[in-house]
Amino acid sequence: MNFIFDKRVIGEKRAALALFSMVLLLVIFNPFGKTTESMFLSSLLILVSIIPFFIWRRKKNRNVVVMGVFFYGFFHLVGYGFSGFISHETGILIMQNFSDSFNRYQVSESAENTAKMLVILHLLIVFSGFVILQMFFKNPKTEKDQKKKSKESVTAYRSVVVLCIFFTAVEFFRVAGIPPFSFIEGIIFAIVSFFAYMYLFYFVFYLDYGGWPTKILAILGCLIIRGTLLSWSQMGPYAEVGLILLLISIQKGRIPIAPAALLLLAFIIYQPMKGVIRSMQDYGGFGLAESISTGFEVIEDDTYLTLIDIATQRINYNLLLGSMVDNIGVTNEDDYIGWKGYENVSYVLIPRIFWRDKPEDNFGNEWAVQAGWLGRGDRFTSYNLPWLPQMYLSFGITGIIVGSFLVAIGLFLLERYYWTITPNAWTFAMAYSIIRAIIHLESDFVLAFGVAIKIILIDICIRIIKNLLTIRKKNKGKFRPSMYGLEKIN
């Protein structure tokens with residue numbers, strides 16, 4: 001059955017009130033002792049971060065526009081805006097127990113404020129550039145898509161259900177180590193299986209097929225193919241699926257305040273005890289109940305401010321960017337690494353099946369070990385180096401300015417060609433598959449770029465094959481297109 005899209009955005013007033021109340025309370029009570037300048041910059045950063053919502057809100061065809069640009073602002077709202085109200089004294093002390101090198105987490109107030117100003121500059125360039133590009137390059141298909149009804153097909157729905165069950169079973173046998181499934185690995189399987197579930201999400205969550213049992217099963221299946229069978233304590237799959245469901249809901253015109261609040265609360269509670277649970281469950285062989293029980297024992301004596309401190313340290317990227325402002329390029333211009341952080345772009349698209357010795361992309365870990373953000377012998381822990389700090393690390397303020405214009409162009413092209421759906425299941429699944437790659441903005445650029453481009457290339461190849469087969473059928477089995485069907489690809 002079709003979902004009837006409303007011109008209103010249900011819950012936007014309550015969301016605005018909640019956002020304003022949170023900022024006001026943080027400013028009035030200032031529980032972490034931030035300076036007035038720091039709180040002003042954090043508030044301004046939050047305000048700039050929500051600009052994409054108002055850009056999307058004014059679109060007549062917004063129900064077919066996926067919230068990719070909105071998420072870009074949301075990421076910075078959380079990782080630089082709200083986290084900028086928090087000091088991390090407890091988190092720093094815990095980390096210093098493991099390594100003296102973690103004193104880099106102690107960032108001066110002036111450096112942190114400079115970092116926030118750089119983020120504001122970045123977002124203003126990105127969003128203003130995005131709007132200007134949309135003004136000068138109108139998308140001709142948006143007016144047509146605005147009048148189109150969402151395509152439904154019971155046959156397609158049933159087929160993708162079977163396909164998702166198949167992929168879930170393959171993942172189960174793969175994790176269990178049963179041949180030949182145990183030999184399946186690599187990014188292609190992850191992309192294809194996730195695409196299948198996004199195809200299913202089009203029917204289940206966008207068109208509201210089925211009831212709550214169907215929706216719950218779809219969520220569980222998607223979590224399984226994203227790796228929860230390997231380790232249920234990993235937060236990545238839950239964050240991916242949860243954020244995608246939130247974005248789908250907003251795209252349909254409803255801001256889910258209660259689910260968003262529950263996700264936030266779960267993050268604040270789970271993050272401080274994640275290390276204990278993962279150590280017991282993944283490496284110690286303890287059961288689920290015992291691991292969770294021990295995790296709660298670890299945090300039972302902590303105050304709510306301590307929990308927020310420890311939890312948000314994981315996503316406070318002001319620390320990283322502020323530390324770079326404090327230490328990189330201050331006395332020596334050679335501190336900037338130039339193109340080294342992006343050199344993997346030249347071969348990221350080559351499948352490993354064709355190049356068995358293809359180098360692993362461990363740039364984040366290598367840099368973090370060298371700079372002291374990880375222990376000297378830690379070559380296993382992944383380290384997140386978001387796009388903005390990576391721009392600064394490479395070329396300083398110039399890198400941020402130039403990179404911001406490139407990001408604006410990239411977001412414009414993605415929304416024009418992929419995040420404005422037709423709407424049908426294919427374009428929906430393709431759009432949210434790319435969104436999954438963009439969700440990992442905390443990863444370095446090459447990792448996110450590589451996944452997104454692979455998805456786009458798969459889409460282009462399938463469209464070419466489809467057009468070739470269509471032309472072959474029309475020409476009674478003979479190929480006679482002037483450009484082999486390329487001119488008919490949207």
Could you tell me whether the side chain of Phe189 reaches within less than 4.5 Å of the side chain of Ile225, counting heavy atoms only? no
Phe54 ring center within less than 6.0 Å of Phe127 ring center: no
Quick one: does any side-chain atom of Asn467 pair with a main-chain N or O of Arg463 as donor and acceptor, under 3.5 Å? yes
Side-chain donor-acceptor contact under 3.5 Å, Tyr80 with Ser49: no
Please verify the inter-ring angle class for Phe428 with Tyr432; under 30° counts as parallel, over 60° as perpendicular, anything in between as tilted. tilted
Do the ring planes of Phe445 and Trp387 sit parallel (below 30°), tilted (30 to 60°) or perpendicular (above 60°)? perpendicular
Looking at Cys222 and Val241, what are the two nearest heavy atoms and their distance? SG-CG2, 3.9 Å
Is any side-chain heavy atom of Gln251 closer than 4.5 Å to a side-chain heavy atom of Ile421? yes
Ring geometry between Phe205 and Phe201 (parallel below 30°, tilted from 30 to 60°, perpendicular above 60°): perpendicular
Say whether, by atom type as modelled, one donor and one acceptor occur between the side chain of Thr420 and the main chain of Glu415 under 3.5 angstrom. yes
Establish, from distance only, whether the side-chain atoms of Asp309 and Thr306 form a donor-acceptor pair under 3.5 Å. no
Would a distance-only check, ignoring hydrogens and angles, find a side-chain to backbone donor-acceptor pair under 3.5 Å from Ser293 to Ala289? no
Tell me if the NZ atom of Lys466 is crowded by more than 12 foreign heavy atoms within 6.0 Å. no
Taking atom CZ as the centre, does Arg254 end up with more than 12 heavy-atom neighbours from other residues, nucleotides or ligands that are less than 6.0 angstrom away? no
Measure the shortest side-chain to side-chain distance between Ile438 and Trp419 over non-hydrogen atoms and say whether it is less than 4.5 angstrom. yes
